[in-house]
Number of protein chains: 2
Amino acid sequence: MHMGRRSSAATITEVARAAEVSAATVSRVFNNRFVGDPTVAERVRRVAGELAYTPNHTARSLALGKTRAVALVVPDLANPAFQAILSSLSKAASRDGYRVLVADSEESAVDEPLLVDEVRRRCDAVVLCAPRMPDADLLSVAARLEPLVLINRPSPRIDAPSLSIDYGSGIRDLAQHLYELGHRHIVFLEGPPGSLSNRQRLDGLAAFAHQVGDVRLERRPGGVSTEDGVATAERVMATGATAVLAFNDLVAIGLLDGLHRLGARVPQDISVSGFDDIPFAKYTTPPLTTASVPNTELGTQAWHRMRALLRGEEPDHNLVFEPRVELRDSTAPPARGRGRITD
Amino acid sequence: MHMGRRSSAATITEVARAAEVSAATVSRVFNNRFVGDPTVAERVRRVAGELAYTPNHTARSLALGKTRAVALVVPDLANPAFQAILSSLSKAASRDGYRVLVADSEESAVDEPLLVDEVRRRCDAVVLCAPRMPDADLLSVAARLEPLVLINRPSPRIDAPSLSIDYGSGIRDLAQHLYELGHRHIVFLEGPPGSLSNRQRLDGLAAFAHQVGDVRLERRPGGVSTEDGVATAERVMATGATAVLAFNDLVAIGLLDGLHRLGARVPQDISVSGFDDIPFAKYTTPPLTTASVPNTELGTQAWHRMRALLRGEEPDHNLVFEPRVELRDSTAPPARGRGRITD
DNA sequence: CTATACCGAGAAACCGCTTTCTCCTAGCCT
DNA sequence: AGGCTAGGAGAAAGCGGTTTCTCGGTATAG
């Protein structure tokens, strides 16, 4: 199917004919590899201009074996945390002439290997954010994917640059903060059970509980979105806890809303903390105490690693960002009469 | 430069040789155009599986003359309004096997024509969100761009489906709401002077002022981001107005914060409204009165138009969404002693 | 003045896949 | 049984570039 003679888009052959040179020469002129008679180059340029010639990107990609595009795979494009990564990655990549193709796996870990394979074929590399992909899948897929940069998915057995967040330390710091405020009964709203970052939070929390001893830490299924957070409000109140660690800011914000509707006051009746420090966390009612995660920096650094890989250079060292606790108004000492260890 | 013999990626020729058929046959099998001996098809499939063959997307695109990708060009990927469009567009497109390439013009209207041209060459079509591109530029690029879908940029002289928001009616409704609350001195925080949507707001406001008569409407330069909003707080207070219409939610949220720092209470001392109804608008302090804009729906509808175009079908009619006022707590009747018409 | 090196630019091969064109073979009809 | 038809699959010609290879011509050296 050879494209019904388009009226538009001049080809290199047409330019060559019009300029009375060979296609090779036109190609050389356009790639600054032309060394001969300057008047020839000039003529080619002029004719190309007249014909509004512009090299066909696909043909070029095929001949060159590179597309100058990379894919970004994320579990949920609607999540501000991933949007921040996308936005900064895209900006950084574009400065080097690369474009990014987005792929939203829509939280479906099972389809991810296929998605990732499909998307990889369309570009030169992939930046993968797959917190929930089983290790086995990741391992099997990683080889076919390279160049590959992993986000939030450190994996010692995979030879790919990795940027991640130390969720364990972040949640620990948050818990420590609540503890110092006087809370002794805290509930953690879990994220997706299979997710690595959920695992890390759980581990961090377990270590914390073990260390301080006199704290009651419960976990409850939460979710990842604002709606999920709203839905947990009743369950949270039912625990009788004086503070809650939400899986992320979205859940925390939803929870704030849900609690408000139930008539519970934050932080007087119950303290709430989030995770990520999305841009709006400081504008919630009340402003949300959370662990700040540098997603924008993450995107930029991911690009640096990727660029090195694409150039065949040695990428910088892997990075683990330590979240920083942002103290705001959604956490406060527990009210008297609540928060006693009840069992 | 014929790619230093990659160890990976089997080619159709290799599969053909291994399966003892021609490349044409392999191609036909993979495209379900094979009608001959089923055992041949089976053998091809098996061999392809063994070799982990997967058709080269670029080569396919070149032969077919289509990439199955579309570009989305937006002025600022960090803005939740555009993120919503991207997210929904991407989801919708992926259901039809298309991917989206993002391009962030970083608010630079002058580079947009080049950017848009570049990005168009890489894919089959573009969804353009260019509120600030001069009409002349848009007109000149539009022809080269098609298939093209325009967002927030209705242009009667361009033959491309267009989805837009009636910013004029939205801001008018918001102003009307403030007026009914008793406000008679309102300040409008302008967005980018060259932007069409700013123009529409200005016109809507002018029509409103003319209609009601006894209202003092001032305009002040604002901006588009949260930071811009923070920075305007003092200027806003200096006007002595009792209510402010921010260009968008981001500015409104920033303003809320700025006012808070100045010790001004919202809505007691001054009412604030936003525009867009981004997901977080209802969680601000206080919850933000705003005009809701269906960005997610916009993205989905944009894809429907685009799909029709790509299939050579007639796209659905153009759409203009009317924003809907979302009454929340950031607006209230003015305090006594403020809001009198002072000149 | 001729042999050699060099230089500029075109011819041709190739990137990997699709599709038209063509050919060969087997089946059918008379 | 022979001629015709249809169907299956390969050869080849693109798609639009890039790059190697090659060759004719000029300049330089002996």
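In what follows, chains are A, B, ... by sequence order, proteins preceding strands, each numbered from 1. These numbers come from a predicted model, not from an experiment.
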State whether Ser22(B) places a side-chain N or O below 4.0 Å from either non-bridging phosphate oxygen (OP1 or OP2) of dG10(D).
yes
Winner on side-chain proximity to Thr25(B), out of dA9(D), dG10(C), dG17(D), is dA9(D)
Among dC15(D), dG17(D), dG10(C), which nucleotide has an atom closest to any side-chain atom of Pro55(A)?
dG17(D)
Between Val47(A) and Val26(A), is any pair of side-chain heavy atoms under 4.5 Å apart?
no
Glu50(B)/Arg46(B) ion pair, N-O < 4.0 Å
yes
Looking at every strand, decide which applies to Tyr53(A) at a 4.0 Å heavy-atom threshold: base, sugar-phosphate, or nothing.
sugar-phosphate
Measure from CD on Glu42(A) to C1' on dA9(C) and round the result to the nearest Å.
18 Å
Do the ring planes of Trp303(B) and Tyr98(B) sit parallel (below 30°), tilted (30 to 60°) or perpendicular (above 60°)?
tilted
Look at Asp135(B) together with Arg153(B) and state whether they make a salt bridge at an N to O cut-off of under 4.0 Å.
yes
Could you tell me how far apart Leu51(A) (CG) and dG16(D) (P) are, to the nearest whole angstrom?
14 Å
Rounded to the nearest angstrom, tell me the gap between atom CZ in Arg17(B) and atom P in dG10(D).
14 Å
Between P of dG16(D) and CD of Glu14(A), the distance in whole Å:
8 Å
If you check every side-chain atom of Leu64(B), which of dT19(C), dG14(D), dG10(C) has the closest atom?
dT19(C)
Among Arg122(A), Arg120(A), Arg121(A), the one residue meeting side-chain hydrogen bond (donor to acceptor under 3.5 Å, both in side chains) with Glu118(A):
Arg122(A)
What is the distance, to the nearest angstrom, from the CD atom on Glu20(B) to the P atom on dA9(D)?
14 Å
Output a table of donor-acceptor pairs, distance under 3.5 Å, between side-chain atoms of residues 310-319 of chain A and any protein atom two or more places apart or on a different chain; print 'none' if there are none.
{"unit_1": "Asn318(A)", "atom_1": "OD1", "unit_2": "Ser162(A)", "atom_2": "N", "d": "2.9"}

Separation of Arg121(A) atom CZ from dC17(C) atom P, in whole Å?
11 Å
Within the structure shown, what part of the strands sits under 4.0 Å from Ser27(A) by heavy-atom distance: base, sugar-phosphate, or nothing?
base
Is any side-chain nitrogen or oxygen of Arg60(A) closer than 4.0 Å to OP1 or OP2 of dT18(D)?
yes
To the nearest Å, how far apart are Leu62(A) CG and dG16(D) C1'?
9 Å
Working to the nearest 0.5 angstrom, can you tell me the gap between Leu138(A) CG and Leu128(A) CG?
6.5 Å
Side-chain contact check for Asn31(B): nearest option of dT18(C), dG10(C), dG16(D) is dT18(C)
CD-CZ distance between Gln83(B) and Phe82(A), expressed to the nearest 0.5 angstrom
13.0 Å
Side-chain N or O of Arg33(A) less than 4.0 angstrom from OP1 or OP2 on dT18(D)?
no
Euclidean distance, atom CD1 of residue Ile12(A) to atom P of dT18(D) [Å, nearest integer]
5 Å
With axes from five pairs an end, tell me the bend angle of the helix from dC1(C)-dG30(D) to dT30(C)-dA1(D), nearest 10°.
60°
Candidates dG16(D), dC17(C), dA11(C) - which lies nearest the side chain of Ala24(A)
dA11(C)
Going by modelled atom types, is there a donor-acceptor pair between the base of dG8(C) and the side chain of Arg28(A) at under 3.5 Å?
no
Classify the nucleic acid contact of Val26(A) as base, sugar-phosphate or nothing, counting any heavy atom under 4.0 Å across all strands shown.
nothing
